[in-house]
Q: 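Pasting a structure here, questions to come.
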Amino acid sequence: MRQTNLTAESAEYVSAREELRQAEVELMRHRELVADLRRRLPPGPVVDDYVFEEGPADLQAGDAPVRAARLSELFTRPGRDLIIYHFMYGKRQTEPCPMCTMWIDGFNGVARHVAQSVDLAIVAAAPLPALRTHARNRKWTNLRLLSAGSSTFKYDLGSEDAEGNQDSTVSVFNRDDNGSVRHFYSAHPRMSDDIDERGIDLLCPVWHILDLTRPGRGNWDATLSY
């Protein structure tokens with residue numbers, strides 16, 4: 001199966017491109033298998049109804065009044081799952097993580113589309129004013145922004161260690177028929193000893209666009225900036 005109508009492709013190139021296409025097909029099939037395994041997870045454990053701090057929905061309206069928002073209140077209606085991205089900012093992470101910032105820039109852009117099916121929120125360990133100041137600078141006007149405050153939410157979900165070091169994580173929750181919030185799924189960048197920093201890359205189109213090129217994404221942690 002040719003991917004172009006170009007006539008100057010060498011036989012070597014056509015053969016290598018077909019080998020790559022077959023590998024891409026197998027990767028796609030395996031990704032569908034993984035997604036199906038994820039969907040068929042049995043019910044996860046009931047979790048605490050964690051309390052977060054939240055400011056006005058309008059970022060430009062300042063940071064007060066601050067209200068308490070429980071995890072169960074982040075579900076906007078029955079039958080929807082809740083996705084929370086753990087932002088690496090706060091405690092030992094004294095500056096906003098550039099990688100997380102780039103990712104959340106993208107979430108902000110697609111938030112309205114995501115909201116058609118599920119609920120989405122960003123949670124950081126940083127104090128609410130600091131989080132909202134950074135959000136204003138980034139124009140994150142489409143996202144629900146929450147500070148974990150003094151709760152153990154980030155530690156319990158593995159995005160914070162006992163010393164307050166932060167990690168990027170994505171967590172998914174749902175509610176059972178009794179209204180209890182259950183943990184469904186969490187993923188971290190480090191999935192095994194030989195997979196470092198790529199465990200949740202499917203959340204970021206930037207890496208996949210760069211991976212289409214010969215240089216690839218390169219040493220992202222040395223070059224990424226915002």
Side-chain angles (χ1 to χ4, degrees), residues 1-44 79-88 97-122 138 140 142-143 157-159 166-174 183-226:
M1 180 181 292
R2 293 288 294 269
Q3 302 296 309
T4 73
N5 294 311
L6 301 173
T7 59
E9 294 172 342
S10 67
E12 179 185 18
Y13 176 87
V14 171
S15 175
R17 181 63 186 90
E18 176 60 16
E19 181 182 4
L20 173 59
R21 187 184 72 84
Q22 292 293 340
E24 290 171 333
V25 169
E26 288 306 309
L27 175 61
M28 190 176 303
R29 287 172 177 158
H30 192 72
R31 194 161 59 236
E32 290 298 317
L33 173 62
V34 170
D36 184 60
L37 289 172
R38 186 184 299 115
R39 287 190 294 268
R40 292 192 286 109
L41 284 171
R80 289 165 68 90
D81 282 6
L82 166 67
I83 300 172
I84 291 182
Y85 181 77
H86 302 243
F87 183 16
M88 291 176 63
C97 168
M99 184 193 74
C100 290
T101 294
M102 179 187 70
W103 288 23
I104 299 172
D105 282 348
F107 299 159
N108 184 70
V110 300
R112 291 192 176 102
H113 303 288
V114 173
Q116 295 180 57
S117 301
V118 299
D119 294 310
L120 173 67
I122 309 299
R138 303 304 303 179
W140 291 343
N142 300 321
L143 297 169
L157 273 298
S159 69
Q166 305 294 303
D167 199 2
S168 53
T169 299
V170 61
S171 295
V172 184
F173 303 88
N174 51 39
H183 174 252
F184 173 69
Y185 172 79
S186 283
H188 306 269
R190 298 170 185 84
M191 298 186 69
S192 67
D193 291 340
D194 62 333
I195 298 179
D196 187 35
E197 301 296 346
R198 298 201 178 197
I200 54 177
D201 275 13
L202 288 177
L203 296 177
C204 181
V206 173
W207 300 149
H208 304 292
I209 292 171
L210 295 178
D211 281 343
L212 295 174
T213 68
R214 190 178 297 271
R217 68 183 70 184
N219 187 10
W220 65 266
D221 56 347
T223 60
L224 185 64
S225 65
Y226 60 83

Q: Contact between H86 and V170 at the side-chain level, heavy atoms closer than 4.5 Å - yes or no?
A: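 Counting from C-beta outward, H86 and V170 never come under 4.5 Å.
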
Q: Are any non-hydrogen side-chain atoms of Q166 and C97 less than 4.5 angstrom apart?
A: no

Q: Using atom types as modelled and distance alone, determine if a side-chain donor or acceptor of S15 lies under 3.5 Å from a backbone N or O of E12.
A: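 No; judged by distance alone, with no hydrogens or angles, the pair does not exist.
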
Q: Looking only at non-hydrogen atoms, find the nearest pair between L120 and L82 and report the distance.
A: N-CD1, 4.3 Å

Q: State, yes or no, whether a side-chain contact exists between L202 and W207 at a heavy-atom distance under 4.5 Å.
A: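 No - every pair of side-chain heavy atoms lies 4.5 Å or more apart.
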
Q: Looking only at heavy atoms, what is the nearest atom pair of L143 and A111, with distance?
A: CD2-CB, 3.9 Å

Q: Do you know which of F107, W103, F87 makes ring-ring contact (aromatic ring centres under 6.0 Å, His included) with W140?
A: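 Per the ring-ring contact (aromatic ring centres under 6.0 Å, His included) rule, the option paired with W140 is F87, out of F107, W103, F87.
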
Q: Whether the side chain of N108 engages the backbone of N142 through a donor-acceptor N/O pair (distance < 3.5 Å, no angle test) should be reported.
A: yes

Q: With a cut-off of 3.5 Å and sequence neighbours excluded, list every side-chain donor-acceptor pair involving residues 17-25.
A:
{"residue": "E18", "atom": "OE1", "partner": "R21", "partner atom": "NE", "Å": "3.0"}
{"residue": "E18", "atom": "OE2", "partner": "R21", "partner atom": "NH2", "Å": "2.9"}
{"residue": "E18", "atom": "OE2", "partner": "Q22", "partner atom": "NE2", "Å": "2.9"}

Q: Of all residues at least two apart in sequence or in a different chain, which pass the salt bridge (Lys or Arg N to Asp or Glu O under 4.0 Å) check with D193?
A: none

Q: Just how far is it from atom OG1 of T101 to atom CZ of R138, taken to the nearest 0.5 Å?
A: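 Reported to 0.5 Å precision, the distance equals 6.0 Å.
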
Q: From I83 CD1 over to I122 CD1, what is the distance, rounded to the nearest 0.5 angstrom?
A: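 Taking CD1 in I83 and CD1 in I122, the distance rounds to 10.0 Å.
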
Q: Quick one: side-chain hydrogen bond (donor to acceptor under 3.5 Å, both in side chains) partners of E26, sequence neighbours excluded?
A: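 If we apply the side-chain hydrogen bond (donor to acceptor under 3.5 Å, both in side chains) test to E26, skipping adjacent residues, the hits are R29.
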
Q: Please enumerate all residues that pass side-chain hydrogen bond (donor to acceptor under 3.5 Å, both in side chains) together with D119, with sequence neighbours excluded.
A: T76, R80

Q: Test of understanding: with side chain to side chain contact (heavy atoms under 4.5 Å, CB included), list the residues that count as partners of S117, not counting sequence neighbours.
A: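 By the side chain to side chain contact (heavy atoms under 4.5 Å, CB included) rule, S117 matches no residue at all.
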
Q: How many angstroms lie between CG in D201 and CE in M191, if you round to the nearest 0.5 Å?
A: 10.5 Å

Q: Who are the side chain to side chain contact (heavy atoms under 4.5 Å, CB included) partners of L6, not counting sequence neighbours?
A: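 Partners of L6 under the side chain to side chain contact (heavy atoms under 4.5 Å, CB included) test: T4, E9.
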
Q: Taking only residues two or more places apart in sequence or in another chain, which ones pass salt bridge (Lys or Arg N to Asp or Glu O under 4.0 Å) with R40?
A: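 Result, salt bridge (Lys or Arg N to Asp or Glu O under 4.0 Å) vs R40: D36.
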
Q: Quick one: CE on M88 to CG on D167, what's the gap to the nearest 0.5 Å?
A: 5.5 Å

Q: Please name all residues satisfying ring-ring contact (aromatic ring centres under 6.0 Å, His included) with F184, sequence neighbours left out, ordered by chain then number.
A: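 Partners of F184 under the ring-ring contact (aromatic ring centres under 6.0 Å, His included) test: none.
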
Q: Going by side chain to side chain contact (heavy atoms under 4.5 Å, CB included), name the residues that satisfy it together with A35, two or more places apart in sequence or in a different chain.
A: R38, R39

Q: Once side chain to side chain contact (heavy atoms under 4.5 Å, CB included) is applied, do any residues pair with D211, and if so which ones, sequence neighbours excluded?
A: R217

Q: With sequence neighbours excluded, what pairs up with H183 under the ring-ring contact (aromatic ring centres under 6.0 Å, His included) test?
A: F173

Q: Got a sec, which residues hit side-chain hydrogen bond (donor to acceptor under 3.5 Å, both in side chains) with D194, two or more places apart in sequence or on another chain?
A: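 Applying side-chain hydrogen bond (donor to acceptor under 3.5 Å, both in side chains) to D194 gives S192.
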
Q: Using every non-hydrogen atom in the two residues, find where S168 and P189 come nearest and quote the distance to one decimal.
A: O-CD, 2.8 Å

